Trainee: 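I am attaching a structure below and will ask some questions about it afterwards.
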Protein chains: 2
Amino acid sequence: MDSIIKGDCVAALNALPDNSVDVVFADPPYNLQLGGTLHRPDQSLVDAVDDEWDQFASFEAYDAFTRAWLLACRRVLKPTGTLWVIGSYHNIFRVGSILQDLHFWILNDIIWRKTNPMPNFKGRRFQNAHETLIWATPNAKAKGYTFNYESMKAANDDVQMRSDWLFPICSGSERLKDEDGKKVHPTQKPEALLARILMASTKPGDVVLDPFFGSGTTGAVAKRLGRHYVGIEREQDYIDAAAERIAAVEPLGKATLSVMTGKKAEPRVAFNTLIESGLIKPGTALTDAKRRYSATVRADGTLACGGEAGSIHRLGAKLQGLDACNGWTFWHFEEGDTLKPIDELRSVIRNDLAKLN
Amino acid sequence: MDSIIKGDCVAALNALPDNSVDVVFADPPYNLQLGGTLHRPDQSLVDAVDDEWDQFASFEAYDAFTRAWLLACRRVLKPTGTLWVIGSYHNIFRVGSILQDLHFWILNDIIWRKTNPMPNFKGRRFQNAHETLIWATPNAKAKGYTFNYESMKAANDDVQMRSDWLFPICSGSERLKDEDGKKVHPTQKPEALLARILMASTKPGDVVLDPFFGSGTTGAVAKRLGRHYVGIEREQDYIDAAAERIAAVEPLGKATLSVMTGKKAEPRVAFNTLIESGLIKPGTALTDAKRRYSATVRADGTLACGGEAGSIHRLGAKLQGLDACNGWTFWHFEEGDTLKPIDELRSVIRNDLAKLN
DNA sequence: GAGAAAGATGAATCCCTGG
DNA sequence: GCCAGGGATTCATCTTTCT
């Protein structure tokens, strides 16, 4: 926990316990398959990613590698966990296909739009200005995963967060450099990207695993956001740089971290509780906001109207001829001259519950 | 040519001649795998894409289908042709992997960012606000494909066009509707998207093939932009709607369609031509813009400097210690007190050539 | 020291013709 | 097929150097 394991990612993953990780973030080799050298129009040389770790003999070799680490990740993932992978068109289609073949279930593909991507120097293609992330659950049936919908929406001017995200590439003081001023890692990811990912799909205290830890962006952001991290990395140089980097990170305070929650995360309140607590009395008449429908509260927490009866939701739906209905907002009670939704009574209960914490 | 073939796309493709198509645009079934029905928060039913043509028994079946139509497309594609496919995360990873397995060569993946995507009604995922296109050549060696780089750049405020494009979804008057006001096709693509694609990767008069013609957006845009189209479609209802739609399209005039070209398209001029036409005399001294290097023009069209000699490009590169150099912009001649690049003399020759036409 | 100018750089599958 | 050679091609941002 909160440490970096040195070694091959599959071997290291196999040494970890089952169902122990909340989120996997993986930035695997892209298998770029670059040809010769590339010069800018000013004749300067482009520093290509030609590291040994990005070389694969064939697509088959890359696929076998991908299958192996994805399977190893799934075993350590909790059933409610999710997995993120980032890639470019060189590799992401293979990763996505294999995820589906292994019965992972894709929740979204996310586009990281770069504000400042490298240009296309020869004018023979569109500027490659984005990378793609895939967000998936370990199987199609997995339902209890964390998605902080309300936080994302609030962070996005109160409209839902979209699948296209805009961030600058990692440069300037954030980019790790060695004593000679050379970049430590050729593909260091921006912290803002990881922060978005962790804020969306983890809760404080969750465990985040990164099987291709590299310069440790995942660890640094996890520590800052009050999440635990586990990193796996083969190369000692990267491990050293990442450890030093993470040691310098100051975690944010608890108050800052409290994830904004929407209705879903609020404690569930049974309609019966309102009766039990005396907020509403059996026999009370409830109506919809326009008084088109009326029903009577029964002692067991159901509503009745003519021959029909059922929960506040079912009866509301049945009377309107719909498949579903939110009874909390549909049904109203009389207070003085005005109608108020019974949701207000639920809020009273919730406030009482909150005081207990 | 400029017609819609009724039938299965692979069978119809197999009846077309080799090397006859400049660009394929394909909008294949997405294999959405939707479970159950989805309602909006107001309980209205979301009209899902649940057509028979979008159903596949398994990923294997979808893959076999994809392989078949991609192979059939490659045979009809010219060696200089390119292929576009659009999809979502449900199918695009499979399409991309198979493209690579078949040794197509990916030029770009393009993100269509939707200005007005459907919201995520359940708040359990990010809003799926984009679709992905892949642009590829038939093989890795294919080099002579059309990419109207200068047009794209000019259309994008004079910076190169990126891989993320922003368009609204197809709606309003553009959306084909039947007599009952119901949409004719569930996934009609916006004409602006096809226009961007055809303006980028075809020339006027080119042949564009769409093996999943649907409501005929490809044909309508091709006709408007002075390109030829070939459509393949199984369902007579779609064919009828597309034919009527295309018949109503007014092609743009020739002048409107001319494509902006860059220096690469200008006629090649040998440096020797400047000497032969008397614009520059043997023995003239040329220097770079900052007068750091100097060389003498020789009668055979080469430059000499000390013991070194060669073409204007080779000598410029050698003197600077670079691999390459554009001699036309590097070397300058004296006119009065100012230095002017010899490129200005090349322009004189090109203007004379243009007058001959 | 301030501001301007010049240099550096980023996951890159990056040319085309003619002999 | 290969090889040689002409000569065309970049955006946003951060750092360093010059005025």
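Residue numbers begin at 1 in each chain, while the letters A, B, ... track the order of the sequences. Source: prediction; values computed, not measured.
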Trainee: Is a donor-acceptor pair below 3.5 Å formed from side chain B:Arg268 to base C:dG18, judging by atom type as modelled?
Mentor: no
Trainee: Remember a base hit wins even if backbone is also touched, and classify A:Gly36 as base, sugar-phosphate or nothing at under 4.0 Å, heavy atoms.
Mentor: base
Trainee: Does anything in residues 120-129 of chain A come within less than 4.0 Å of DNA chain C? Heavy atoms only, and list the residues if so.
Mentor: A:Asn120, A:Phe121, A:Lys122, A:Arg124, A:Arg125, A:Asn128
Trainee: May I ask you to say what B:Lys141 touches in the nucleic acid, namely base, sugar-phosphate or nothing, with a heavy-atom cut-off under 4.0 Å?
Mentor: nothing
Trainee: Which string of ( ) [ ] | and . matches DNA chain D, if you list each base 5' to 3' and count Watson-Crick or G-U pairs only when both distances are under 3.5 Å?
Mentor: .|||||....|||||||||
Trainee: With nearest nucleotides of DNA chain C determined for B:Leu107 and A:Ser171 from heavy-atom distances, which residue corresponds to the more 5′ nucleotide?
Mentor: A:Ser171
Trainee: How are the rings of B:Trp135 and B:Phe147 set to each other: parallel, tilted or perpendicular (split at 30° and 60°)?
Mentor: tilted
Trainee: Which part of the nucleic acid, if any, lies within contact of A:Pro168, taking any heavy atom under 4.0 Å across all strands shown: a base, the sugar-phosphate backbone alone, or nothing?
Mentor: nothing
Trainee: Categorize B:Trp105 for me: base, sugar-phosphate, or nothing, with a 4.0 angstrom heavy-atom threshold over every strand shown.
Mentor: base
Trainee: Where the side chain of B:Ala324 is concerned, which of C:dA11, D:dA8, D:dT9 is the nearest nucleotide?
Mentor: D:dA8
Trainee: Within the 4.0 Å heavy-atom criterion, would you say B:Ala270 contacts the bases, only the backbone, or no part of the nucleic acid?
Mentor: nothing
Trainee: Of all the nucleotides listed (D:dT10, D:dG7, C:dA11), which has the minimum atom distance to the side chain of B:Arg314?
Mentor: D:dG7
Trainee: Any base atoms under 4.0 Å from A:Cys170, or only sugar-phosphate, or nothing? Heavy atoms, all strands.
Mentor: nothing
Trainee: Would B:Arg292 and B:Thr287 count as having a side-chain donor-acceptor pair, cut-off 3.5 Å?
Mentor: no
Trainee: Could you tell me whether the side chains of B:Gln160 and B:Asn156 share a donor-acceptor contact shorter than 3.5 Å?
Mentor: no
Trainee: Less than 6.0 angstrom separating the ring centers of A:His185 and A:Tyr238, yes or no?
Mentor: yes
Trainee: Nearest 0.5 Å, please: how far is CG in B:Asn91 from CD1 in B:Ile86?
Mentor: 9.5 Å
Trainee: Compare the minimum distances between each of D:dA8, D:dT10, C:dA11 and the side chain of A:Asp54, then state the nucleotide with the smallest one.
Mentor: C:dA11
Trainee: In whole Å, measure the gap between the P atoms of C:dT13 and D:dG6 for me.
Mentor: 29 Å
Trainee: B:Trp165 ring centre to B:Arg196 NZ or CZ under 6.0 Å, with the angle to the axis within 45°?
Mentor: yes
Trainee: Indicate whether the side chain of A:His90 and that of A:Ser88 have a donor and an acceptor atom separated by less than 3.5 Å.
Mentor: yes
Trainee: Establish, from distance only, whether the side-chain atoms of A:Arg175 and A:Ser171 form a donor-acceptor pair under 3.5 Å.
Mentor: no
Trainee: Categorize A:Trp112 for me: base, sugar-phosphate, or nothing, with a 4.0 angstrom heavy-atom threshold over every strand shown.
Mentor: nothing
Trainee: Between A:Asp164 and A:Arg162, does any NZ, NE, NH1 or NH2 come within less than 4.0 Å of an OD or OE carboxylate oxygen?
Mentor: yes
Trainee: Could A:Arg94 and B:Phe93 be counted as a cation-pi pair, given that NZ or CZ must be under 6.0 Å from the ring centre and within 45° of the axis?
Mentor: no
Trainee: Identify whether any heavy atom of A:Gln43 sits under 4.0 Å from a base atom; if not, whether one sits that close to sugar-phosphate; answer base, sugar-phosphate or nothing.
Mentor: base
Trainee: With rounding to whole Å, what would you report as the distance between D:dG5 and C:dA12 at their C1' atoms?
Mentor: 24 Å
Trainee: Please classify the nucleic acid contact of B:Asn108 as base, sugar-phosphate, or nothing, using heavy-atom distances under 4.0 Å.
Mentor: nothing
